[in-house]
> 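Attaching a single structure in structure tokens format; questions to follow.
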Amino acid sequence: MIPRIVIALLLLSCFTISAQDYYFPERNADWEQKDPENFKVNGKKLDEAVDFAMNNEYSGSRDLRIAILKGFEKEPYHKILGPTKKRGGPAGMILKNGYVVASWGDTKRVDMTFSVTKSFLSTTAGLAFDKELIASTADKVADYVWDGTFEGTHNSEITWKHLLQQNSAWSGELWGGKDWADRPPSTGTIDDWKFATPNKPGSVMEYNDVRVNVLAYALTHVWRKPLPQVLKENLMDKIGASTTWRWYGYDHAWTVIDGIKMKSVTGGGHSGAGMFINTEDMARFGLLFLNNGKWKGQRLLSDKWIQMAIEPSEPNVNYGYMWWLNKKGDRHWEGISEDVYYAAGFGGNFIVIDRKNDLVVVTRWLEPNKIGEFMGKVTAALP
């Protein structure tokens, strides 16, 4: 018979192993740092990765109004419709098991984050799903939003899943933005784009901010409150985010729900607006996803939703519910785990989740085509 003390020690050992949770920083506290060597991470190689990020700053203007107008000059009728902000220099953080093992730049500076906003937007859909405000992402959006936004033979077939995977092919105009004028094909003329037959919903992934903003509009009507308020109350306050982040919509993007006038936000910033946030709050958001939706043991987002969000879409194996996936495809980073997924925005803004290595990597204003090489250098530092 095994002595009781041995059984107790075995149970304690199992509990200790299973209880090795990540570190979660308190609100407004200095984020705890650890020497990389504590995790058998090569500090010298990690420094090389940081130097690489610092030395490969996004080449566009730090005046983001200029960078936006230059970056999207080929779009018909493109103009700034919402707030912009001059940006800072390169910044970032690398978390291992929640601890900071590397950081650079001003991590408390609030900057635009462009399409990283889409991953926050997707998360407000996840919160609605968890609260059963949306029964299934396979549901047609017209069954929830019946004001004409999804009327017609084509638009009435669009589901929440189509909008979240950016393959809805929604056809129309919202806040002055025309679906066909947003990131049009590299060939053809305005007439070709304007009168083209829309793709069947779910068949082709098309990166399109007008359609993303349609999702934000639809979710605002489902929640019956502004999405920044939804995100703040249900998630950002609970992960100890600062009070400095802001989520903007276009200047004229107002809707009335239950007699209350409220702003419908954007899912990106290529006409201005979107999420303005600091590096540390981005890292908190990433850490929540690394820990599968739990913060200090409290479930904030269901693991079911996260698994749905990072499931490859049929039209694009590298895209889920507004998260990029490092699967074998056009966006694959060679030498990096296929389990990695990430948020990405104009100008080189990234939140990378590496579950295999218990890493969150946030990097800002990195030349976008250098992200794969940068992540390769980070990975080379790991044991």
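Predicted model only: the values in this text are computed from it and were never measured.
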> So, Lys294 and Asp303, do they make that salt bridge, N to O below 4.0 Å?
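The answer is no: the pair does not qualify as a salt bridge.
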> When you check the gap from the basic side-chain N to the acidic O, do Arg62 and Glu57 get nearer than 4.0 Å?
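Glu57 and Arg62: salt-bridged.
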> Salt bridge or not between Asp106 and Arg364? Use side-chain N to carboxylate O under 4.0 Å.
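Answer for the salt bridge query: no.
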> Could you walk me through whether Trp245 and Phe285 pass the ring pair (Phe, Tyr, Trp, His ring centres under 6.0 Å) test, one step at a time?
CA-CA 12 Å; Trp245 66 274; Phe285 184 71; 9.9 Å; no
> Between Lys356 and Asp339, does any NZ, NE, NH1 or NH2 come within less than 4.0 Å of an OD or OE carboxylate oxygen?
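No, this pair does not count.
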> Phe289 and Trp323: aromatic ring centres closer than 6.0 Å?
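Here the rings of Trp323 and Phe289 have centres that are less than 6.0 Å from each other.
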> Tell me, please, whether Trp31 has Arg284 positioned over its six-membered ring: NZ or CZ under 6.0 Å from the ring centre and within 45 degrees of its axis?
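That pair qualifies as a cation-pi contact.
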> Ignoring hydrogens and angles, tell me if any N or O in the side chain of His332 forms a donor-acceptor pair with the backbone of Asn326 under 3.5 Å.
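Yes, the answer is positive, given that a donor and an acceptor are paired below the 3.5 Å cut-off.
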> Within a 6.0 Å radius of atom CG on Asp35, are there more than 12 heavy atoms belonging to other residues, nucleotides or ligands?
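Yes.
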> Just checking Phe350 against Phe374, ring centres under 6.0 Å apart?
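Not under 6.0 Å, so no.
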> Does Tyr319 have its ring centroid less than 6.0 Å away from the ring centroid of Trp324?
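Yes, the ring centres sit under 6.0 Å apart.
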> Which atom names give the shortest non-hydrogen contact between Leu163 and Arg211, and what distance separates them?
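Closest approach of Leu163 to Arg211: CD2-O, 4.0 Å.
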> Using 4.0 Å as the upper bound for N to carboxylate O, is an ion pair formed by Glu26 and Lys296?
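Salt bridge present between Lys296 and Glu26.
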